[in-house]
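First up is the structure itself, then whatever we jot down about it.
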Number of protein chains: 2
Amino acid sequence: MTDTLKIVSWNINSVRFRIEIVEQFLREVAPDILCLQETKVIDGDFPAAPFRALGYDHILLHGQKMHHGVAIISRVPLVEDDRFDWQANREARHIGVRLPNGLRVENVYVPAGGDVPDREVNPKFGQKLDFVERMTRWSEGLSVPTLLVGDFNIAPLECDVWSHKQLLDVVSHTPIEVAALDGLKASNDWVDLGRHFHPDPARLFTWWSYRAKDWLASDRGRRLDHMWATADVAKTAIGHTVFEGCRSWLKPSDHVPIMTEFAL
Amino acid sequence: MTDTLKIVSWNINSVRFRIEIVEQFLREVAPDILCLQETKVIDGDFPAAPFRALGYDHILLHGQKMHHGVAIISRVPLVEDDRFDWQANREARHIGVRLPNGLRVENVYVPAGGDVPDREVNPKFGQKLDFVERMTRWSEGLSVPTLLVGDFNIAPLECDVWSHKQLLDVVSHTPIEVAALDGLKASNDWVDLGRHFHPDPARLFTWWSYRAKDWLASDRGRRLDHMWATADVAKTAIGHTVFEGCRSWLKPSDHVPIMTEFAL
DNA sequence: GGATTGGAGG
DNA sequence: CCTCCAATCC
């Protein structure tokens, strides 16, 4: 029996409102580390008790009131943690930790970018591109084994969306966003673990809008959530899972959890 | 076996939010007529279907958006209905019907009156007193058998509140409100059916604040809901019930239903 | 304490 | 569609 390390990323869209499905997921899947985005809660109000009750004693938070907010919850010890504020705007969009074996896990919530894909008329779109650019500058300088996970809010490939043509002008799949994400990816030769295990042209989605009347039947999904590894780390990855079923749970998030398993 | 008529009054604090307990109550108690206050819904959005499903085919509404709103729901036919606007301010605080036997049922939601019992500093308190005065002018001219029910938002007697002394300066039990209500009562020799069947000094409450940590243990109730009858109608009343138990139901209103049963 | 709306943000 | 908040009222 070989030991493995299971790391999950999940945009939970309010950890307080959805604490029951988080508990259910942890009971069923039992990952070692859970990276959450959009916790939407200040650190003092984070519902830590249910995690501790399930054996997740290491809880690191970077929350804020109302919006954004990220967290790393672990049942293995964590020896160092950081919170970056790349845009120096105090938005809680990053938390990073180092594991005892030296692996860094960086958990990021990239800005959604508003509705109109135009930097001039929609400042939020500009902020999103700027965020990815600043991440790129950071990534270029990295020299340690790293796993970069989170809600990147960009679906880069044609097979990452339900209709490439119909989404070309929809924020999350526009060429300018994809180019920015490609730049980030190239800046440290990141390995896209989702596609490493489910190569193009396989359909692979992690998000389905709440607005669809029947999200399952229409299946208008997008792959907005990602796990990227530096080459050394990618070599130890042995599998990658997208838990589509969670989109059907009671009071679901619009994102589903994704997981990579690593050999130790 | 003698036929009777059961009439209920209940401030429901949002009929949409509490439709389940209304259905439960109708199934358990099966009154003939239900008078609701604080329905908090425009007529077009009133949830009529659940009432029809239980045999209540006669649904008369005077609702408005967000606040106030009254309704009379009946499984016996209703031959006439009115909506008074005593203060000509378009607040939905009254609906009245006539039964085939000639009895009029008038359902009223008296303004709460704000926090400070002073006409000068708190206009809502003035509006409340004005409302009762205008009802009094209307009541003086009445000459038909009538049952007047609703949330009067005044607890007149010492035994209508958990502490007469501590509530003397609290809106709902101040001497000026009690005097106004006494004036209304005298204006047509109304019989207070609650006290007719549960005379002073018996404890009789119909409302307990949501704010108490343990409303049942502290029992800081008030009798804000009333059923008043003209003398001829009062003679046919055979019982009066306050359903305190409803305050413990799931998602309760802060008011409980009260019922009078009449011989036919 | 509990309900309603309206707006922001997704 | 769904969440959170701020304001308003009871």
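The chains referred to below are lettered A, B, ... by the order of the sequence lines, with proteins before strands, and numbering in each begins at 1. Since the structure is predicted, the reported quantities are computational estimates derived from the model, not experimental observations.
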Assign a letter to each nucleotide of nucleotides 4-10 of chain D from its 5' end: B, base within under 4.0 Å of a protein heavy atom; S, sugar-phosphate only; -, no contact. SSS--SB

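Evaluation of the ring pair (Phe, Tyr, Trp, His ring centres under 6.0 Å) rule for H67(B) yields no partner, not counting sequence neighbours. Every residue meeting the salt bridge (Lys or Arg N to Asp or Glu O under 4.0 Å) condition with R203(B), not counting sequence neighbours, appears here in chain and number order: D219(B), E244(B).
Remark: C1' of dC1(D) and CG of D214(A) are 14 Å apart, rounded to the nearest angstrom. In this structure, the CD atom of E20(A) is 15 Å from the C1' atom of dT3(D), given to the nearest Å.
Applying side chain to side chain contact (heavy atoms under 4.5 Å, CB included) to R223(A) and the options V242(A), I258(A), D192(A), V161(A) leaves one that passes, D192(A).
Annotation: F243(B) is not in aromatic contact with W10(B) [ring centroid separation under 6.0 Å not met].
Between Y210(A) and P252(A), the shortest heavy-atom contact is OH-O, 2.8 Å.
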Less than 3.5 Å apart, which donor and acceptor atoms pair up between the side chains of residues 171-183 of chain A and the rest of the protein, not counting sequence neighbours?
| unit_1 | atom_1 | unit_2 | atom_2 | d |
| --- | --- | --- | --- | --- |
| S172(A) | OG | R222(A) | NH1 | 3.0 |
| H173(A) | ND1 | A155(A) | O | 2.6 |
| H173(A) | NE2 | H164(A) | ND1 | 2.8 |
| T174(A) | OG1 | E177(A) | N | 3.4 |
| T174(A) | OG1 | E177(A) | OE2 | 2.5 |
| E177(A) | OE1 | K128(A) | NZ | 2.7 |
| E177(A) | OE1 | S172(A) | N | 2.9 |
| E177(A) | OE2 | S172(A) | N | 2.9 |
| E177(A) | OE2 | T174(A) | N | 3.4 |

Test side chain to side chain contact (heavy atoms under 4.5 Å, CB included) on R52(A) and I59(A); report intermediate values, then the result. CA-CA 9 Å; R52(A) 295 221 177 82; I59(A) 299 177; 4.1 Å; yes

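Within the structure, every pair that satisfies the salt bridge (charged side-chain N to carboxylate O under 4.0 Å, His left out) test and touches residues 115-126 of chain B, not counting sequence neighbours, is listed here: R119(B)-E133(B).
If you walk DNA chain C from 5' to 3' and mark each nucleotide with an atom closer than 4.0 Å to a heavy atom of chain A, the marks span dG9(C) to dG10(C).
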